[in-house]
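First up is the structure itself, then whatever we jot down about it.
Within every chain, numbering begins at 1; the chains are lettered A, B, ... in the order of the sequence lines, protein sequences first and strands thereafter.
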Protein chains: 2
Amino acid sequence: MYTVICDAVLDLVSGGATLSSLSLVRISRDTGISRNSIYRRWKSKEQLYSDVVKSIERQLPDLTELSARENLFVMMKTFDGAVERSKGRMEQAIVAEAQNFPDLHEQYLIEIVAPFDHAMKLAIRRGKETREIRADVDENLLAEVLVSSVSAGMSSNHREGQDFESASRRIIDLVFDGVSPK
Amino acid sequence: MYTVICDAVLDLVSGGATLSSLSLVRISRDTGISRNSIYRRWKSKEQLYSDVVKSIERQLPDLTELSARENLFVMMKTFDGAVERSKGRMEQAIVAEAQNFPDLHEQYLIEIVAPFDHAMKLAIRRGKETREIRADVDENLLAEVLVSSVSAGMSSNHREGQDFESASRRIIDLVFDGVSPK
DNA sequence: ATCTAACGGAACACTTATGTATCGTTAAAT
DNA sequence: ATTTAACGATACATAAGTGTTCCGTTAGAT
């Protein structure tokens, strides 16, 4: 039942439901699990959401001996591929309603964002060691630019599924090469 | 009354309210305007939101004879300065609930996003003419990277107010100069 | 001064969600 | 085979919002 409910929440949120407007009645109807059982398992909607967040942990990829561009591409692909679109939507919903669910947002930052952020900066630092990235580049800024570009492209609906990979590569190339003449 | 209601909606959304969860009862209480009058003016919440969107039109800056970096900086500043944070939150809410308010989202794309996007690409094209930006750079991609980086920094709460300007400049510099050695 | 349009207050029926409680059933463990 | 824990169905009181209606009041235009 546990995973059934969590997946249903991901689907509903992915389908446009808001964390605050999503009701247990709806979840109960969608899953076929009685509202009663849900109340027995979770004392509140927040606690249910908390378990949903735990269910979307990504396993971060190890750094390869490939180029820095390739490593960062793999990281961005991990951040949100077309495969696990529902997870991305959930995260989007959490950020959008951070003020309504502060504890949930904090949990999200600690369990999801921070590890990914750490891995991202590790990949950047590796790129500096191999001289593929200049030493004076701000790691935080670079990571933020890359991640936000990808997540924005994910939420803007004019870019769908298969374009994701090429878009990520082009973003990486743009940021690596810069736009001014050399 | 018109502007009072619209401003109240902006404030409420800015305070964390969701478009779907925000109630006319709440708006009525907050403004002191009777729920009755609101119903007389707008037939539905969607139509009210539509007028709210119309109220957040930005007047786009003219291109100056300054550098491309400076022009783009002014554009990004227009997109969302710390001053008009409530507008940014409203746009964030519209995007987050695009599936629940498709008409509103479309209106937002046409009236807000498209003109800004057009002006942004104009600034980029100007930069190409002055040889500050390489001719082979994808205008759409560059605009998307810049805008998404700024809007992401706006929604992530670890960057507040006065940092906005310097962050925008640093993002522009990063993208212009690139991160790989020259 | 009077007319009129716009407003506020209150009430209405209806819908949806919350949280709790009771009771019967089912399935798994021993 | 019997116990037991988990589940489903139903009902309940409570709360909040929707959309509409009726009525009294008020401010501005003429």
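Within 3.5 Å, a donor on the side chain of B/N36 pairs with an acceptor on the base of D/dT21, or the reverse. Scanning atom types as modelled, no donor and acceptor separated by under 3.5 angstrom connect the side chain of B/R40 and the base of D/dG19.
Using a cut-off of 4.0 Å between Lys/Arg side-chain N and Asp/Glu carboxylate O, A/E144 and B/R170 are scored as not salt-bridged.
Between the CD1 atom of A/I33 and the C1' atom of D/dG8 there is a distance of 11 Å, given to the nearest Å. Atom CZ in B/R35 sits roughly 11 Å away from atom C1' in D/dA16 (whole-Å rounding). Between the CZ atom of A/R41 and the C1' atom of D/dA5 there is a distance of 15 Å, given to the nearest Å. Spacing between atom CD1 of A/I5 and atom C1' of D/dG8 amounts to 13 Å, rounded to whole angstrom units. Rounding to whole angstrom units, CG of residue A/L19 and P of C/dA17 are separated by 16 Å. The CD1-C1' distance, from A/I38 to D/dA6, rounds to 14 Å in whole Å. Rounded to whole Å, the distance from CZ on B/R29 to P on D/dT18 is 10 Å. Look at NZ on A/K45: it is 9 Å from C1' on C/dA17, rounded to the nearest Å.
Considering only side-chain N and O atoms, B/S37 lies under 4.0 angstrom from the phosphate OP1 or OP2 of C/dG8. Look at A/S34 and you won't find any side-chain N or O under 4.0 angstrom from OP1 or OP2 of D/dC7.
Of the possible donor and acceptor atoms, one in the side chain of A/T78 sits under 3.5 Å from a partner among the backbone N and O of A/V74. Side-chain atoms of B/E97 come within 3.5 Å of backbone atoms of B/S20 as a donor-acceptor pair (strictly under, hydrogens ignored). The closest donor-acceptor contact from the side chain of A/R134 to the backbone of B/G178 lies under 3.5 Å.
A/E57 has its side chain within reach of A/I112: a pair of non-hydrogen atoms, C-beta onward, lies under 4.5 Å apart.
The side chain of B/M1 lies closest to C/dC7, out of C/dC7, D/dG17, D/dC7. Residue B/Y39 has its side chain nearest to D/dT20 when only C/dC7, D/dT20, D/dG17 are considered.
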